[in-house]
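We use all heavy atoms of the structure for the numbers below, so side chains are in, but hydrogens, waters and symmetry mates are not.
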Number of protein chains: 2
Amino acid sequence: MNTNFDIENFILDFSNSCQKKQKKVFSKNEVVTTYIKNRNQLCILLDGNADLVRYDLNGNRTIVEHFSKNALFGEVFYTITTNNELLVEAKSNCTVLFYSYDDIFHKCRNNCKFHQTLSENLPQLILNKVTDLNMRIELLTKRSTRDKLLGYFSLLSTRKLSTSFELPFSLTDLADYLSVDRSAMMRELKLLKEDGFIEKIGNRITLLYK
Amino acid sequence: MNTNFDIENFILDFSNSCQKKQKKVFSKNEVVTTYIKNRNQLCILLDGNADLVRYDLNGNRTIVEHFSKNALFGEVFYTITTNNELLVEAKSNCTVLFYSYDDIFHKCRNNCKFHQTLSENLPQLILNKVTDLNMRIELLTKRSTRDKLLGYFSLLSTRKLSTSFELPFSLTDLADYLSVDRSAMMRELKLLKEDGFIEKIGNRITLLYK
DNA sequence: TATTTTCCGTTGCAAAAGCAACACATTATG
DNA sequence: CATAATGTGTTGCTTTTGCAACGGAAAATA
């Protein structure tokens, strides 16, 4: 299976070859896009970091997804319902490509190489997204704040192939990502340190268990 | 966009035309498959109901996904990690098609019509799965048991286009699906009835609000 | 550099959720 | 049909989590 389709080089090579896309630059805290009505938008984050955020009726903020370089996002992945306000917020300066899923899927008339390669690799790209979402679901189904934290840390540790890693979030944002109260999470973090599970220096976590 | 690709008729027409699949029948409570090692398995549930279930180290059971007719599932959607035991359990008698994702993606030598149609429609099928998973994430990020219940009910109500609907789960399973304690959920269900949000007769829920 | 804004770390108290146990109903099974 | 297994409904108690508030640190901004 072509799990290692190299989206990075692919995008570098072809990002200027197709007419049917828009490339835009955003600065920190700008709204990249909103998921309000169905327009089959599919986006690729070329550079920077961004979060997909939802504000619910109780005023809670949830970071639904965190995007870094080469992430795929857009309202095409969502069934839009009215009681949702989904925003993609730039967490740093960002460069984003905007496509219409229809255009990608049906290819543009020019039959440009970008489209050809993209549509060939689209199943794999979307499949990668599915595995990401499944990891997120695994985190969210953990029953306690402690397990969510440990689960998330273990995931980052696996990705970095190291027991020591930087958090990609502020602690405030981490709480919104794990869907827990910030102060309760801070309390639990303290307990994890006291119980010798982790060490935390600034934004860097080191796992001490196992 | 081809959102309405009719997987049902498609499968009926072509399910016997390709050599590279296995069709198996399961009876209630049998294990359909386990997600243990990577073998790029992709399955289609032709008939019946099944749950993807995880048992964690604390003995908690989580229903990760609930599958009904024509659902796509399989370990190809997961990044397998060792601290996971994922099982697909038949909740009723089931008929399941088993594929290798590689075979689907690269097409079989026969170039059978099934494969051709399937691989053409694969992005759409996987995309549907992404939107399902996103709905699940939305549910799981709700902060309280009450909001999870109301969110799930509203989802079922939208699907059935009616304020009244049958639960596809036993209450025990519903708790495992919403990732909450069963007795706490029962308590909340009672409160929802008392507060006039819902009516519950047997397995049928009616929404009374709005 | 001064000042504003955001983030971190903490705490007491209140509310929610989990745990354990039980009786009873319903559904499978020999 | 008898019996076992599973699901429902409930409750008292404990633990966890959320809420609100605050002071100080760090970072952004004027």
Side-chain angles (χ1 to χ4, degrees), chain A residues 27-30 51 53 56-63 89-93 140-151 166-195 198-205, chain B residues 27-30 49 51 53 56-63 89-93 139-151 166-195 198-205:
Chain A
S27 41
K28 186 171 176 174
N29 293 324
E30 275 192 282
D51 288 336
V53 180
D56 72 15
L57 301 173
N58 309 323
N60 289 314
R61 175 176 181 268
T62 302
I63 296 183
E89 299 175 345
K91 301 304 283 183
S92 67
N93 294 351
L140 290 171
T141 54
K142 306 246 185 232
R143 304 301 172 100
S144 64
T145 303
R146 169 168 290 214
D147 283 348
K148 284 182 182 177
L149 284 169
L150 288 177
E166 298 279 329
L167 290 177
F169 286 123
S170 72
L171 294 178
T172 305
D173 284 356
L174 180 57
D176 289 342
Y177 182 72
L178 299 179
S179 209
V180 295
D181 178 73
R182 185 189 66 87
S183 66
M185 190 195 78
M186 295 298 286
R187 187 161 37 205
E188 203 54 46
L189 262 180
K190 198 168 101 183
L191 291 174
L192 281 173
K193 281 187 276 188
E194 285 172 13
D195 294 352
I198 63 166
E199 199 175 78
K200 178 172 177 302
I201 299 163
N203 217 26
R204 170 165 292 273
I205 304 276
Chain B
S27 41
K28 186 172 175 172
N29 293 323
E30 274 192 282
N49 293 284
D51 288 337
V53 179
D56 72 16
L57 301 172
N58 309 322
N60 288 315
R61 174 176 182 268
T62 303
I63 296 183
E89 299 175 345
K91 301 305 283 182
S92 66
N93 294 351
L139 266 191
L140 290 171
T141 53
K142 305 246 184 231
R143 304 301 171 99
S144 64
T145 301
R146 169 169 290 214
D147 283 348
K148 285 182 181 177
L149 283 169
L150 288 178
E166 297 279 329
L167 290 176
F169 285 124
S170 72
L171 295 178
T172 305
D173 284 357
L174 180 58
D176 289 342
Y177 183 73
L178 298 179
S179 210
V180 296
D181 177 72
R182 185 190 65 87
S183 65
M185 189 196 79
M186 296 296 288
R187 187 160 37 208
E188 203 53 47
L189 262 181
K190 198 169 102 183
L191 290 174
L192 281 174
K193 281 187 276 187
E194 285 172 14
D195 293 352
I198 62 166
E199 198 175 77
K200 178 172 177 300
I201 299 164
N203 216 25
R204 169 165 291 273
I205 304 277

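To the nearest angstrom, C1' of dT10(D) lies 12 Å from CG of L191(B). The interatomic distance linking N29(A) (CG) with dT29(D) (C1') rounds to 13 Å, in whole Å. The distance from atom CG of D173(A) to atom P of dA26(D) is 19 Å, rounded to the nearest whole Å. Taking atom NZ of residue K193(B) and atom C1' of nucleotide dT8(D), one finds them 10 Å apart after rounding to whole Å. Between K91(A) atom NZ and dA27(D) atom P the separation is 15 Å, expressed in whole Å. Computed from coordinates, the L167(B) CG to dG7(D) C1' distance equals 14 Å when rounded to whole Å.
With sequence neighbours excluded, the residues satisfying side-chain contact (heavy atoms from CB on, under 4.5 Å) with K28(B) are N93(B). Under the side-chain contact (heavy atoms from CB on, under 4.5 Å) criterion, I198(B) pairs with F153(B), L189(B), L192(B), K193(B), I205(B), L207(B), not counting sequence neighbours. In terms of the salt bridge (Lys or Arg N to Asp or Glu O under 4.0 Å) criterion, residue partners of R204(B) (sequence neighbours excluded) are, by chain and number, E166(B). Residues forming a side-chain hydrogen bond (donor to acceptor under 3.5 Å, both in side chains) with N29(A) (at least two apart in sequence, or on another chain): none. Not counting sequence neighbours, E199(A) has no partner by the side-chain hydrogen bond (donor to acceptor under 3.5 Å, both in side chains) test.
Considering every non-hydrogen atom in both D147(A) and K142(A), the closest pair reads O-CD, 3.5 Å.
With a cutoff of under 4.0 Å to any heavy atom of chain B, the contacted region of DNA chain C is bounded 5' to 3' by dA17(C) to dA28(C).
Two end axes, each from the C1' atoms of five base pairs, can be drawn for the helix from dT1(C)-dA30(D) to dG30(C)-dC1(D); they diverge by 60°, to 10 degrees.
Nearest-nucleotide positions on DNA chain C place K190(A) closer to the 5' end than the other of K28(B) and K190(A).
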Using a cut-off of under 3.5 Å, enumerate the N/O to N/O pairs linking the protein to nucleotides 13-20 of chain D.
{"residue": "dT17(D)", "atom": "OP1", "partner": "T145(A)", "partner atom": "N", "Å": "2.7"}
{"residue": "dG18(D)", "atom": "OP2", "partner": "D181(A)", "partner atom": "N", "Å": "2.9"}
{"residue": "dG18(D)", "atom": "N7", "partner": "R187(A)", "partner atom": "NH2", "Å": "3.0"}
{"residue": "dG18(D)", "atom": "O6", "partner": "R187(A)", "partner atom": "NH1", "Å": "3.2"}
{"residue": "dG18(D)", "atom": "O6", "partner": "R187(A)", "partner atom": "NH2", "Å": "3.0"}
{"residue": "dC19(D)", "atom": "N4", "partner": "S183(A)", "partner atom": "OG", "Å": "3.0"}
{"residue": "dA20(D)", "atom": "N6", "partner": "S183(A)", "partner atom": "OG", "Å": "3.2"}

Exercise for review: Could you check I63(A) against F169(A) for side chain to side chain contact (heavy atoms under 4.5 Å, CB included), going step by step and ending with a plain yes or no?
Suggested key: CA-CA 10 Å; I63(A) 296 183; F169(A) 286 123; 4.1 Å; yes

Review point. Would T62(B) and R143(A) satisfy side chain to side chain contact (heavy atoms under 4.5 Å, CB included), going step by step from the backbone distance to the final call?
Key: CA-CA 10 Å; T62(B) 303; R143(A) 304 301 172 100; 3.6 Å; yes

Practice item. Evaluate the side chain to side chain contact (heavy atoms under 4.5 Å, CB included) criterion for residues L140(B) and S179(B): first the C-alpha distance (whole Å), next the side-chain angles of each, then the deciding distance (0.1 Å), finally the verdict. Key: CA-CA 8 Å; L140(B) 290 171; S179(B) 210; 4.1 Å; yes

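In this structure, L139(B) and Y177(B) have side chains that are in contact, with non-hydrogen atoms separated by less than 4.5 Å.
Contact annotation for K200(A): backbone-only contact, meaning every heavy-atom pair under 4.0 Å involves sugar-phosphate atoms and none involves a base.
Each salt bridge (Lys or Arg N to Asp or Glu O under 4.0 Å) pair with one or both residues in residues 169-190 of chain B, not counting sequence neighbours, appears once here: R61(B)-D173(B), R61(B)-D176(B), K91(B)-D173(B), R146(B)-E188(B).
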